[in-house]
Visitor: 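I have a structure here, written as structure tokens, and I will follow up with some questions on it.
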Amino acid sequence: MTESGADLAIVGGGVAALWLAVRAARANLRVVLITCGQIGAYASTRNQAWVHSGAFYAANEAWTLAEHCIEGNADLRSLAEDTPGLMGSGPRDGECLVKDPDHLAEIGPRLRRAGVDYQLGALASPNTGVVFGAADRAYVLRTADSVIDSSLLLERLAFDAVSAGARVLGSPGQPALERRGPAWSLRQGDVEVVADQVVLALGGGLADYLGTWVPGYSGPAYVPTVTRVVVLNELPLSAPVIPLFDAAPTVVPVWHQRQWRGATVCVPFDNVPGRRPDRIGFAEAEEIVKLAVGQLPGVSEYLSRRDGTPVGVYTCEKLIVSGQRDGTEESRSFRFDRYPDGLYAFYAGKFTTASVGARACLRELGVQPKAGHSKSKRVDYSDGKFEIAPRAAVAPPGFKARMIASEVSLVPTSTLPASPAGKEEIVHDR
């Protein structure tokens, strides 16, 4: 058995785990990150990859989360300066929809109080027109909300972690955890990592891991939920459209491999507490599509004029912690929890706040994080050491999606609302 010593072992392979690995390694800790399968195989490549400006949260008076989004947005934009194709052109890519002048008078001071940068736009725009149609709408606020190529972000963070001295180990399954004297042992196959401190950064998988490897665990109850997201591969959207009011879906373009790949619609009240993500049946997907599109008159009209446009649904998992209500945005920035001596959990609820949470995590560990990041050229990021999961929100190039049957599934709009006969998996079509 091969044994490796570390000051800090991180279990997880998403954006939160990688940000922590980068910052810890730059603080001169001996860091080993153990990922289950591919880097980014779970939520980090299954969400909208939306970089929040904080406008939505400031408008709803979630002040702490708005502040964290502003800070995390700056971290990501700094990283994008020398990572071509990582983010939109900016600095204002998002469009926040305001209902009327009274609404603008209400939320404008909130955005200014939080320090959210915005610019009042015209009464209509191509993006908001595509989403909401020609209905009477008031103003659009241009904000720093943007999208990010999630696979490229994971690749860049993995590269930076290794460049800073961290070891990144792939594991086919969850590593076994047990106490070894004053330290912790993590074993997978013939590899063992012995570390003074262990951080579990497993996202939605945290509850299962604790139940398996931490006997007698008592602490916050982590409840996984699933959110259904509608995928519209051909919707011509160049900026996130964020309604600053309740119960309206957010529509976010997907940027992958430096190209727009369509858009996703987040269904705002479709969480299923206590359930693990599972395969989506056609009937369920059909209802989700109708629910989301029915609230977006412009999208509905667009699809009605274009039979055959691919429409799909996928699931994204997140955590609700005991004492929190689902929908309480203030609690979704990040969490850092302590268990037995030297064992911690780190959960970031959003792409944008992961870097902020990583800094806070290091402070809790008694490590002073260093500001900024070292500049690196884009060339040679991929050197064969990292296997990055492909983005799951849209079918990657070379794939033809046919019927709803799995995590990412597409059907032609001509089949809605009628159900097609038979079901097929997504197939690779070269």
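The chain is numbered in sequence order, starting from 1. Just so you know, these numbers use all the heavy atoms, side chains as well, and skip hydrogens, waters and symmetry mates. On a predicted model such as this, the values are computed, not experimentally measured, just so you know.
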Visitor: Taking atom CG of Leu202 and atom CG of Asp208, what is their separation to the nearest 0.5 Å?
Guide: 10.0 Å
Visitor: What's the separation between atom OH in Tyr139 and atom OG in Ser125, rounded to the nearest 0.5 Å?
Guide: 14.5 Å
Visitor: Within the side chain of Tyr57, is there an N or O that forms a donor-acceptor pair under 3.5 Å with the backbone of Glu67?
Guide: no
Visitor: Quick one: do the Tyr344 and Gln197 side chains pair a donor with an acceptor below 3.5 Å?
Guide: yes
Visitor: Looking at Gly13 and Leu18, what are the two nearest heavy atoms and their distance?
Guide: O-CD1, 4.1 Å
Visitor: Which atom names give the shortest non-hydrogen contact between Ala354 and Ala16, and what distance separates them?
Guide: CB-CA, 4.0 Å
Visitor: Which heavy-atom pair separates Ala263 from Leu235 by the least distance, and what is that distance?
Guide: CB-CD2, 3.9 Å
Visitor: Would Leu157 and Leu79 count as a side chain to side chain contact (heavy atoms under 4.5 Å, CB included) here? Give the steps.
Guide: CA-CA 9 Å; Leu157 290 175; Leu79 201 66; 4.1 Å; yes
Visitor: Short question: side chain of Ser44, backbone of Gly14 - any donor-acceptor pair under 3.5 Å?
Guide: no
Visitor: With a 4.5 Å limit on heavy-atom distance, are the side chains of Leu97 and Leu244 in contact?
Guide: no
Visitor: Going through the distances and angles, do Arg77 and Glu81 end up as a salt bridge (charged side-chain N to carboxylate O under 4.0 Å, His left out)?
Guide: CA-CA 6 Å; Arg77 290 184 181 276; Glu81 290 176 2; over 6 Å; no
Visitor: Pair Cys96, Val140 - check side chain to side chain contact (heavy atoms under 4.5 Å, CB included), show working.
Guide: CA-CA 6 Å; Cys96 294; Val140 169; over 6 Å; no
Visitor: Taking only residues two or more places apart in sequence or in another chain, which ones pass ring-ring contact (aromatic ring centres under 6.0 Å, His included) with His68?
Guide: Phe334
Visitor: What pair of heavy atoms forms the shortest contact from Val32 to Ala6, and how long is it?
Guide: CG2-CB, 3.8 Å
Visitor: Identify the two heavy atoms, one from Ser53 and one from Ile70, that lie closest to each other, and give their separation to 0.1 Å.
Guide: O-CG1, 3.4 Å
Visitor: Does this structure show an ion pair linking Asp145 with Arg92, if we count only N-O contacts that are shorter than 4.0 Å?
Guide: no
Visitor: Go through the steps for Val15 and Leu154 under the test side chain to side chain contact (heavy atoms under 4.5 Å, CB included), then give the verdict.
Guide: CA-CA 6 Å; Val15 170; Leu154 291 160; 3.8 Å; yes
Visitor: Rounded to the nearest 0.5 Å, what separation is found between the SG atom of Cys361 and the CG atom of Asp337?
Guide: 10.5 Å
Visitor: Apply side chain to side chain contact (heavy atoms under 4.5 Å, CB included) to Leu120 and Leu141, showing your working.
Guide: CA-CA 5 Å; Leu120 185 62; Leu141 303 182; 3.5 Å; yes
Visitor: Write down the atom of Pro249, the atom of Leu296, and the distance for their closest heavy-atom approach.
Guide: CD-CD2, 4.1 Å
Visitor: Quick one: list whatever passes side-chain hydrogen bond (donor to acceptor under 3.5 Å, both in side chains) with Ser146, sequence neighbours left out.
Guide: Asp93
Visitor: Could you state the interatomic distance from CG (Leu33) to CG (Leu169), rounded to the nearest 0.5 Å?
Guide: 8.0 Å
Visitor: Could you tell me whether a side-chain N or O of Thr353 sits under 3.5 Å from a main-chain N or O of Lys350, the two making a donor and an acceptor?
Guide: yes
Visitor: Hey, does Met87 have a side-chain heavy atom less than 4.5 Å from the side chain of Leu76?
Guide: yes
Visitor: Pair Arg156, Thr83 - check side chain to side chain donor-acceptor pair (under 3.5 Å), show working.
Guide: CA-CA 8 Å; Arg156 170 63 198 260; Thr83 312; 2.6 Å; yes
Visitor: How long is the straight-line distance from CG of Leu177 back to CG of Leu343, given to the nearest 0.5 Å?
Guide: 6.0 Å
Visitor: Do Asp100 and Leu104 make a side-chain contact, defined as non-hydrogen atoms from C-beta onward lying under 4.5 Å apart?
Guide: no
Visitor: Heavy-atom distance under 4.5 Å between the side chains of Thr250 and Pro243, does that happen here?
Guide: yes
Visitor: Within a strict 4.5 Å, meaning less than it, do heavy atoms of the Leu210 and Tyr339 side chains meet?
Guide: yes
Visitor: Spell out, as yes or no, whether a donor-acceptor pair under 3.5 Å connects the side chain of Arg338 to the backbone of Glu364.
Guide: yes
Visitor: Just so I know, are the side chains of Val289 and Leu291 near enough to count as touching, which here means a heavy-atom distance under 4.5 Å?
Guide: no
Visitor: Partners of Ala114 by side-chain contact (heavy atoms from CB on, under 4.5 Å), sequence neighbours excluded?
Guide: Ala58, Trp63, Ala66, Val116
Visitor: Taking atom CG of Leu86 and atom CD of Glu155, what is their separation to the nearest 0.5 Å?
Guide: 10.5 Å
Visitor: I'd like to check Leu186 versus Gln188 (side-chain heavy atoms, cut-off strictly below 4.5 Å). Are they in contact?
Guide: no
Visitor: With a 4.5 Å heavy-atom cut-off, do Pro240 and Pro253 have their side chains touching?
Guide: yes
